[in-house]
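Written out below as structure tokens is the structure these notes cover.
Count residues from 1 along the sequence.
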Amino acid sequence: MDSMKALLCTCILVPWLVAALAMKSDQNSQLVPGSLPDTGLNGYFSDHLTSRRVRKMLPLADEPDAGLISEEGNATDLPTCLLCVCLTGSVYCEEVSPDMTAVPALPKETAYLYARFNKIQKIRAKDFADIVTLKRIDLSGNLISEIEDGAFSKLTQLEKLSLAENRLVKLPMLPAQLTCFNANSNLLKTKGVKANAFKKMTTLVNLFLADNKLEAVPYVPDSVRIVHLQNNNITEVNRNTFCKANDTYYLRPSLTEVRLDGNPVVLSTYPDSFTCMRVLPVGRYR
């Protein structure tokens, strides 16, 4: 009789417990950063411990199964969500183990990809060809030295792209609708940045090219508010760099922060190069 009571109690409690856990998981997944309006390229996790907390919030069925990973397998051979955290259109692949050396196959509904601090070496044209829903890509802190032509050509919704802390020597064709582009801490020289690289980007607001090897300031669209070019090899700033030599009435009120510190250029020798701006660039004046 006692065993019958225990069995009856179990049959009542188990479905209730499963439903409660599922509800709790759904509530938690709605709070994961990345599916919410953005506050910056690097603001989705405060530290690596947070990534672990997110994994703990997942139902057990969604956890990567160690038994599915063979000893000879490579990270790129596995389904994305066995290696990363996939939640409501966001894919988080930070410091993946085993080493992630290429962009993984992504769910087609992916809108936000964070694949920082891995060992990705190359971006192929096919990596994002079928993921037209992407709005943000962060590949900071990898080993990327090559990006094939057309790698971002189909991403008509992409707004923010970070390739910071890689090994790029040249930039590919970039989506015209970007609002923020970050290529800080690469190996870029002026010859690796096409003259029209940013010319058609009429919605670009933030342009970060600090800590590279640029010898000149690239074309900066009128829409840009913040441009970081510190710690390059820039030696001069002519009258057409930010202003227009043949138009004394031309103004750039939206350009509120220009950093040229850490470059050899002495800005005080170019007094007519900043007359259209509201603020003077940060940099060396003597």
Side-chain angles (χ1 to χ4, degrees), residues 41 123 137-140 144-153 155 158-247 250-267 269-270 272-284:
L41 279 171
I123 299 177
I137 297 173
D138 190 342
L139 294 168
S140 304
I144 301 169
S145 59
E146 181 182 355
I147 300 177
E148 289 183 358
D149 291 338
F152 305 115
S153 62
L155 304 182
L158 190 66
E159 297 175 353
K160 297 190 176 184
L161 174 62
S162 179
L163 300 170
E165 298 179 51
N166 278 284
R167 298 179 179 178
L168 292 172
V169 295
K170 67 177 182 177
L171 293 180
M173 187 64 70
L174 299 168
Q177 75 282 356
L178 284 180
T179 62
C180 182
F181 177 65
N182 188 341
N184 285 345
S185 301
N186 275 276
L187 303 172
L188 294 171
K189 293 185 177 181
T190 296
K191 65 180 181 181
V193 181
K194 295 179 181 179
N196 62 346
F198 308 109
K199 196 165 188 176
K200 295 182 180 179
M201 300 171 69
T202 57
T203 58
L204 189 64
V205 175
N206 298 325
L207 177 59
F208 302 120
L209 295 169
D211 297 287
N212 279 283
K213 297 182 178 182
L214 298 173
E215 299 92 3
V217 178
Y219 178 85
V220 180
D222 286 350
S223 58
V224 171
R225 297 178 187 173
I226 298 174
V227 56
H228 285 186
L229 291 160
Q230 66 268 32
N231 303 322
N232 277 280
N233 295 325
I234 297 169
T235 56
E236 67 175 339
V237 179
N238 62 50
R239 293 182 65 185
N240 289 310
T241 300
F242 297 107
C243 303
K244 295 181 180 179
N246 59 351
D247 186 354
Y250 175 71
L251 298 174
R252 297 192 69 160
S254 62
L255 193 57
T256 57
E257 183 180 321
V258 178
R259 287 196 57 182
L260 287 165
D261 45 308
N263 283 280
V265 61
V266 179
L267 298 177
T269 59
Y270 303 95
D272 298 327
S273 298
F274 316 115
T275 54
C276 65
M277 298 166 55
R278 294 175 58 184
V279 296
L280 288 174
V282 177
R284 180 181 168 206

Handout entry: Any donor-acceptor pair under 3.5 Å from Asp211 side chain to Asn231 backbone
Key = no
Handout entry: Validation row: Phe181, Leu209 side chains within 4.5 angstrom (heavy atoms)
Key = yes
Practice task
State whether the side chain of Thr203 and the backbone N or O of Gln177 hold a donor-acceptor pair below 3.5 Å, judged by distance alone.
Solution key: yes
Problem - Any donor-acceptor N/O pair, Arg284 side chain to Pro264 backbone, under 3.5 Å - result: yes
Practice task
Using atom types as modelled and distance alone, determine if a side-chain donor or acceptor of Asn232 lies under 3.5 Å from a backbone N or O of Ile234.
Solution key: no
Handout entry: Any Pro172 side-chain heavy atom under 4.5 Å of Leu174 side chain
Key = yes
Practice task
Please confirm whether the backbone N or O of Val282 pairs with a side-chain atom of Glu257, one donor and one acceptor, at under 3.5 Å?
Solution key: no
Practice task
Evaluate the side-chain proximity of Tyr270 to Thr241: yes if any heavy-atom separation is below 4.5 Å, no if none is.
Solution key: no
Problem - Side chain Thr179, main chain Glu159, donor-acceptor under 3.5 Å - result: yes
Practice task
Say whether, by atom type as modelled, one donor and one acceptor occur between the side chain of Asn166 and the main chain of Leu168 under 3.5 angstrom.
Solution key: no
Exercise for the section: Indicate yes or no for a side-chain donor-acceptor contact from Thr190 to the backbone of Glu215 under 3.5 Å, with no hydrogens or angles considered. Expected result: yes
Handout entry: Leu155 and Ile137, any side-chain heavy atoms less than 4.5 Å apart
Key = yes
Exercise for the section: Could you give me the CA-CA distance, side-chain angles and deciding distance for Val217 and Leu260, then say whether side-chain contact (heavy atoms from CB on, under 4.5 Å) is met? Expected result: CA-CA 9 Å; Val217 178; Leu260 287 165; 4.2 Å; yes
Problem - Backbone of Ser223 reached by a side-chain donor or acceptor of Thr202 within 3.5 Å - result: no
Practice task
May I ask you to decide if Arg239's main-chain N or O and Asp272's side chain share a donor-acceptor pair within less than 3.5 Å?
Solution key: no
